[in-house]
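Report on the following structure.
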Amino acid sequence: MISNSSRRDHEDLRKTVVFCLLVLFPPSAWSTVLVQWSNSQLPPPSSLGVSDVVFSWKSRLRPSLLANARKQGYRVYVEAPLQQATAAAEEGARAGWTGLLLNIPESERKGTRTAATRLRSAYPKLKFLVLGTIGKQPQMRGSLVIKNDSVLEVSSPTAQPWIDTNLAAIKVEQRRNQAQVPLYTFAWVTSKQGQQRSVTASDYSLAVAEAGAFHADVVLQLDKRLQRALTNHDPEAWALWSQVRSTANFYSDLTDGGLQPAANVAVVVDRLDTRDEALNLLARHNIPFQVFLAADLNAVGVGDFNLVIVFAKPDKVAAEHIASLVTRGKTVVLVDAHSSYPWHSNQPIQLNEHTVSYLLGTGKILELSEPVTDPEAFAQDIRRLLGKRDALLSLWNGLTSIAVGYKDHSGELKAIEFVNYATDPIRVQVQVKGSFTSIRYETPEHGCCQSLVPVTHDSFTEFVIPELRIAGRAHLDSQ
Amino acid sequence: MRFDNRWAAVLLVSLFSFGPSVQSSDRQILVYQKKYIMGTVFEIAAYSGSSEQASFAIEKAFHEIVRIDDLMSNYKPESALSHLNQSAHFHAESVPPDLYCVIQQAVQFSKLSDGKFDITVAPLVNLWKAALLGDSIPSAAQQQQAEACVGYEKIALTPPDQISFQSACLQLDLGALGKGYAVDRAVATLYSLGIYNAFINAGGSTIFAMGSPPGQTSWLVHLRDPSHKVGPYVMLSNESVSTSEQSAASLLRRDSVGHIIDPATGRPLKTEFAVSVIARTATLSDGLSTTLLLLGPMQGKSLVNRTPDTSAIWLSPKAQIETAIYGPQILFGKL
């Protein structure tokens with residue numbers, strides 16, 4: 001007979017061995033949650049379920065805090081501004097930190113790659129990761145604002161985003177820094193409608209789910225009271241954290257099997273801007289797009305995409321590429337890019353006050369003569385332009401949800417990640433392009449996997465997710 | 001299947017309370033919660049001496065809205081409305097009192113507006129919804145076929161709870177009224193639980209202001225202003241405001257297809273106006289806002305005149321203003 005205490009010891013030993021193995025031989029995780037910590041003590045990493053801990057640059061003044069974290073088995077990162085990077089690297093190399101998170105403002109990102117390369121070669125044992133700091137707290141939001149003493153401006157530039165999501169910013173980061181999985185952080189909105197509110201388990205879980213579903217890494221800023229409560233073994237705090245941890249495990253348990261986000265819309269820009277509202281609304285409307293720079297048009301081409309939106313002014317070579325794409329049946333939308341193009345010799349069709357269309361071969365070019373004034377209407381227009389035939393993924397009753405499909409190297413859709421920003425369970429109907437015979441659905445709450453019934457017709461498959469709370473994943477198989 | 005209904009939420013709402021503190025004034029605590037129901041974000045802000053009491057009441061109010069949605073959704077196959085739509089053709093069906101009440105009020109709106117407001121317009125809405133999602137414009141034959149299924153006169157109401165359809169293809173859609181009714185039910189729930197000062201916002205398109213913030217006599221609500229120049233606002237106390245507006249114009253299409261269909265033409269309504277209506281109940285403001293958008297200012301003013309304690313404003317992107325004030329004042333200007 002095994003006593004309770006020896007069973008517990010055995011269990012603890014097993015956990016420790018598994019944890020050590022994971023630390024020694026970390027698999028390439030799909031998404032990593034790093035925890036920003038400031039409290040003087042840390043729970044052990046096996047309890048927290050997180051191996052990467054981030055301290056502020058100021059924390060170097062408390063070397064014992066960082067040394068203890070290392071001793072406990074954490075991978076220790078320090079967040080430092082670019083100006084302090086060399087000093088921080090010097091100190092980090094000496095103290096055995098895992099790496100630095102370089103906090104570089106959006107406006108100063110241009111020279112980042114050179115700076116990071118220089119640092120990497122000078123300090124080869126340290127990791128240098130670029131941290132995006134303009135993320136926003138993911139949430140479903142309302143339109144009501146209550147304030148004293150001032151007139152309110154409630155609405156965003158668009159009438160109906162209803163959710164704050166980081167998806168567009170992540171897509172921009174994916175193009176900006178292809179050598180690194182996008183890594184970002186954000187500050188919690190803790191004052192709402194005149195109320196101070198605590199960050200809840202659902203808030204943390206949604207943030208973790210969002211990063212995981214979109215294949216990004218996130219630095220989670222933990223409320224100081226929660227840090228203290230976790231350190232003090234507060235059962236309520238640990239109950240909260242256990243929910244967050246199960247969501248984090250849902251993504252960290254998944255290895256990067258070479259899956260890539262599926263996209264059939266190419267968005268070409270001349271400047272990478274994570275705050276671009278038009279991109280934000282495309283993401284919000286579940287339009288699967290990939291971001292390119294104007295120079296990519298000539299280098300890599302966007303021939304595999306059904307629709308290309310160009311927010312840049314194409315040069316002569318790029319214009320010829322566009323003409324060639326359109327001739328082969330693609331649709332190109334050119335936004336506010338006044339110039340003389342080869343297709344202008346064709347008969348223009350005036351669609352409305354601001355838009356002219358040109359037919360070329362089996363495709364068409366639409367020229368919008370002004371910037372996108374209504375990103376919501378623009379995103380709906382793009383959905384319509386794609387039409388039913390080219391809609392990779394559609395959700396019904398999914399106004400608060402975002403879904404991202406992932407394909408394997410052969411281009412076949414293998415999985416769809418879902419995030420529900422309302423965090424209340426909803427029933428979502430999904431239509432996906434392709435014929436699939438098996439849909440297996442898993443969630444952080446119920447694990448893997450529930451079989452869902454696929455209904456296929458006209459090269460599309462429909463299925464119903466009975467309950468999407470915050471995060472879910474559908475595995476698709478076509479046998 | 002549930003389609004996006006985002007274009008319904010067109011009222012740009014802002015409100016603020018004057019006074020020393022919103023968070024806690026005269027020991028009144030503000031509790032705010034939101035929930036996604038009926039394809040939109042419902043928000044409730046309630047003042048109470050006890051945050052527990054306010055939280056409990058808000059939760060109950062949300063439950064009530066969910067209950068109404070479960071009755072009146074035509075996206076839920078198990079709803080009472082879906083059942084009615086399947087089985088009431090030439091056959092009287094008993095329906096729950098809430099559903100009977102809403103359909104009865106809808107028929108009254110239809111009569112008042114000479115059929116401009118019509119909850120039987122669903123076949124036409126569905127036909128044009130496909131066009132909104134990218135399909136081609138419906139053919140004349142398709143339109144004719146759908147129009148044959150439309151007509152509120154074909155709804156037979158037998159008190160206290162019997163409804164039948166005198167047509168083989170009649171379908172009801174309570175989208176233009178159901179949200180308002182749900183807001184009224186939420187108001188009743190809050191009252192019954194001792195909450196007298198609260199604000200309910202159904203996705204921006206329908207609002208009810210209960211009582212007032214502490215130390216104030218009313219709630220200030222900014223109305224939708226497509227011109228961004230006029231700045232209309234109202235002071236509400238135990239009143240509702242609803243706004244209707246056709247979907248935003250397409251940037252990339254020749255023909256913009258909106259979600260509000262004119263039963264008289266069988267086609268999407270063409271208007272640049274946004275209409276806001278202030279009335280005693282949310283059911284009334286919700287139903288009237290769609291009706292007045294369809295009627296336009298000329299005929300609409302006459303209807304407002306015949307409806308006690310009601311005011312309305314039509315506002316265009318070029319700042320053309322038409323008003324009908326037979327209830328609360330509509331004020332203008334930047335605050």
Side-chain angles (χ1 to χ4, degrees), chain A residues 140-155 159-160 162 192-197 285 333 349-352 354-355 357 366 368 370 372-374 376-378 380-388 391 394-400 420-424 426-427 429 431 462, chain B residues 1-24 29-32 34-37 39-45 51 75-76 130-135 199 201 203-204 207 213 220 222 231 247-257 334-335:
Chain A
M140 177 183 80
R141 69 161 186 245
S143 53
L144 190 60
V145 177
I146 304 168
K147 267 188 190 172
N148 290 330
D149 309 318
S150 63
V151 179
L152 305 180
E153 294 299 331
V154 191
S155 60
Q160 189 284 318
W162 281 355
K192 247 183 197 174
Q193 313 300 6
Q195 292 178 294
Q196 286 299 317
R197 64 184 292 276
H285 279 268
V333 178
I349 304 162
Q350 192 76 40
L351 295 179
N352 57 44
H354 300 292
T355 307
S357 168
L366 284 82
L368 177 62
E370 57 176 10
V372 173
T373 48
D374 184 344
E376 166 74 8
F378 183 75
Q380 289 192 30
D381 279 332
I382 295 299
R383 256 245 173 255
R384 284 183 208 121
L385 272 178
L386 274 173
K388 275 185 186 167
S394 307
L395 303 185
W396 281 266
N397 195 32
L399 276 176
T400 59
N420 174 19
Y421 290 72
T423 70
D424 266 343
I426 53 165
R427 184 172 179 266
Q429 286 173 273
Q431 185 189 59
E462 288 183 6
Chain B
M1 288 212 217
R2 176 144 229 161
F3 286 80
D4 286 5
N5 195 26
R6 59 180 65 88
W7 44 80
V10 292
L11 179 66
L12 303 182
V13 183
S14 60
L15 71 108
F16 64 90
S17 63
F18 302 99
S21 163
V22 174
Q23 195 175 0
S24 177
I29 295 158
L30 176 68
V31 175
Y32 164 86
K34 58 180 184 274
K35 191 173 174 73
Y36 181 69
I37 323 169
T40 194
V41 183
F42 273 79
E43 297 171 276
I44 301 180
S51 62
Y75 299 107
K76 295 182 176 174
L132 254 176
L133 294 175
D135 280 1
F199 198 91
N201 176 22
I207 277 166
L220 185 149
H222 290 267
S247 315
S250 163
L251 303 179
L252 301 175
R253 277 172 73 139
R254 187 197 299 270
D255 297 308
S256 275
V257 178
K334 300 279 178 199
L335 290 174

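- Contact of the A/Gln380 side chain with the B/Ser250 side chain is not registered, since no non-hydrogen atoms from C-beta on lie closer than 4.5 Å.
- Side-chain N or O atoms of B/Lys35 include none that pairs as donor or acceptor with a backbone N or O of A/Ala422 at under 3.5 Å.
- B/Leu251 and A/Ala377 make their closest contact through CG-CB, 4.4 Å (heavy atoms, listed as atom of the first residue, atom of the second, distance).
- Using a 4.5 Å cut-off on side-chain heavy atoms (C-beta onward), A/Trp162 and B/Thr40 make contact.
- Nearest approach of B/Lys34 to A/Met140, heavy atoms of both residues: CE-O, 2.6 Å.
- The most heavy-atom pairs under 4.5 Å with chain B, out of A/Ile382, A/Leu351, A/Thr355, come from A/Leu351.
- Rounding to the nearest 0.5 Å gives a distance of 5.0 Å between OH of B/Tyr36 and CG of A/Asn397.
- Of the atoms belonging to A/Ile349, it is side-chain heavy atoms, and not backbone ones, that fall under 4.5 Å from chain B.
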Under the criterion side-chain contact (heavy atoms from CB on, under 4.5 Å), I'd like the reasoning laid out for B/Leu252 against A/Phe378: C-alpha separation, chi angles, the key distance, then a yes or no.
CA-CA 8 Å; B/Leu252 301 175; A/Phe378 183 75; 4.0 Å; yes
